[in-house]
Amino acid sequence: MVGGLFRNMKYNLDFLRNNLHINDNVLHSAYELGVEKVVSCLSTCIFPDKTTYPIDETMIHNGPPHGSNFGYSYAKRMIDVQNRAYYEQHGCKFTSVIPTNVFGSHDNFNIEDGHVLPGLIHKVYLAKQNGTALSIWGTGKPRRQFIYSLDLARLFIWVLREYNEVEPIILSVGEEDEVSIKEAAESIVAAMDFKGEVIFDSTKSDGQFKKTASNCKLRKYLPDFKFTPFNQAVQETCSWFNANYEQARK
């Protein structure tokens with residue numbers, strides 16, 4: 001069960017309970033049925049709120065998560081705990097990956113419940129259609145690492161076939177490819193050819209300022225992996241959304 005900042009703030013209990021149940025059902029069913037390997041998906045937002053940067057795979061349990069999404073964060077952290085326990089007690093090859101902010105075609109573009117980038121794409125689309133200003137929640141200053149869904153899919157297949165550690169691995173572009181929400185919005189505005197006014201609504205929460213993640217572990221395994229350039233990936237996603245607006249999740 002996933003959602004953006006404001007949905008997490010509203011339903012912390014639901015995010016905690018539903019994800020704990022999902023984790024336990026999936027992993028225990030996999031164990032009972034003799035599934036050879038399980039790759040679960042964590043998130044950079046589960047890391048401690050008070051931490052040093054860049055964050056890496058060893059730091060997940062080093063302190064409380066950000067208060068805005070503590071329910072989701074603690075539930076997701078428990079996957080790592082369960083993976084280790086299933087390995088120690090039963091020898092199961094259960095592992096997890098930690099992607100940074102994922103985006104791409106077929107995303108959830110709902111403005112209220114979706115993540116930041118697909119939500120912005122939908123907002124720009126509507127502002128352009130209606131001839132109105134584009135209002136972006138927050139100051140635009142928080143920074144994020146975005147990973148294109150097609151790049152992540154290639155990495156998931158590699159993890160399934162080649163990665164044999166129980167410990168998690170961060171799947172992300174490098175620290176040097178981190179962008180601000182303002183820069184991400186500018187990339188979308190350009191891709192959608194939006195010419196209207198852009199307003200940042202600082203009365204809305206920014207959430208966590210940064211979650212910079214190290215991809216050093218990934219690079220030790222795959223030093224030559226090529227990520228799709230951010231602006232190209234944004235352009236492809238916007239083009240898909242424009243062409244599939246009626247069918248898109250929104």
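Residue numbers start at 1 and run along the sequence shown.
Under 4.0 Å is where a charged nitrogen must lie from a carboxylate oxygen, and between Arg84 and Glu88 no such pair does. Salt bridge status for Lys210 with Glu175: absent, with no side-chain N to carboxylate O gap under 4.0 Å. Ion pairing of Glu178 with Arg143 is present here, as a side-chain N (NZ or NE/NH1/NH2) and a carboxylate O approach within less than 4.0 Å.
No close placement of the Trp158 and Phe225 rings is indicated, their centers lying 6.0 Å or farther apart. Side-chain rings of Tyr163 and Tyr221 approach one another, their centers coming within less than 6.0 Å. Taking the ring centroids of His122 and Tyr245, they lie under the 6.0 Å cut-off.
With hydrogens and angles ignored, the 3.5 Å screen pairs no side-chain donor or acceptor of Asp201 with any backbone N or O of Ser135. Asn19 places a side-chain N or O within 3.5 Å of a backbone atom of Met1 that can act as its donor or acceptor partner. Not one N or O on the side chain of Arg17 forms a donor-acceptor pair closer than 3.5 Å with the backbone of Leu20. When atom types are taken as modelled, the side chain of Arg144 and the backbone of Ser180 share no donor-acceptor pair closer than 3.5 angstrom. Counting only distance, with no hydrogens or angles, the side chain of Lys128 and the backbone of Gly196 share no donor-acceptor pair below 3.5 Å. Under a 3.5 Å cut-off, the side chain of Lys37 and the backbone N or O of Leu160 do form a donor-acceptor pair.
In terms of hydrophobic clustering, with Ile, Leu, Val, Met, Phe, Trp and Tyr side chains grouped at heavy-atom distances under 4.5 Å, Val124 and Phe200 are assigned to a common cluster.
Of all heavy-atom pairs spanning Ala30 and Val38, the tightest one is CB-CG2, 3.6 Å. Of all heavy-atom pairs between Asn23 and Ala75, the closest is ND2-O, 2.9 Å. Closest approach of Gly119 to Ile111, counting heavy atoms only: O-CG1, 3.9 Å. Among all heavy-atom pairs drawn from Cys92 and Tyr31, the shortest one is SG-CD1, 3.8 Å. Taking all atoms of both residues into account, the shortest heavy-atom contact from Thr44 to Ile98 is N-CG2, 3.6 Å. Between Leu171 and Leu152 the shortest heavy-atom distance is CD1-CD1, 3.7 Å.
Checked by atom type, the side-chain pair Ser239/Gln235 shows a donor-acceptor distance below 3.5 Å. No side-chain donor from either of Ser40 and Ser96 sits under 3.5 Å from a side-chain acceptor of the other. Remark: the Tyr148 side chain and the Glu236 side chain contain an N/O donor-acceptor pair separated by less than 3.5 Å. Tyr125 and Lys250 are not linked by any side-chain donor-acceptor pair at a separation below 3.5 angstrom, with hydrogens and angles left out of the test. Side chains of Asn130 and Thr132: a donor-acceptor N/O pair is absent below 3.5 angstrom, by distance only. Donor-acceptor pairing under 3.5 Å is lacking for the side chains of Ser214 and Asp56. Side-chain contact, Asp107 with His115: no donor N or O sits under 3.5 Å from an acceptor N or O.
Here the options are Thr212, Asp177, Asn101, the test is side chain to side chain contact (heavy atoms under 4.5 Å, CB included), and the partner is Gln145; only Thr212 passes. When the options Lys123, Met192, Glu197 are evaluated for a side chain to side chain contact (heavy atoms under 4.5 Å, CB included) with Leu134, the one that passes is Lys123.
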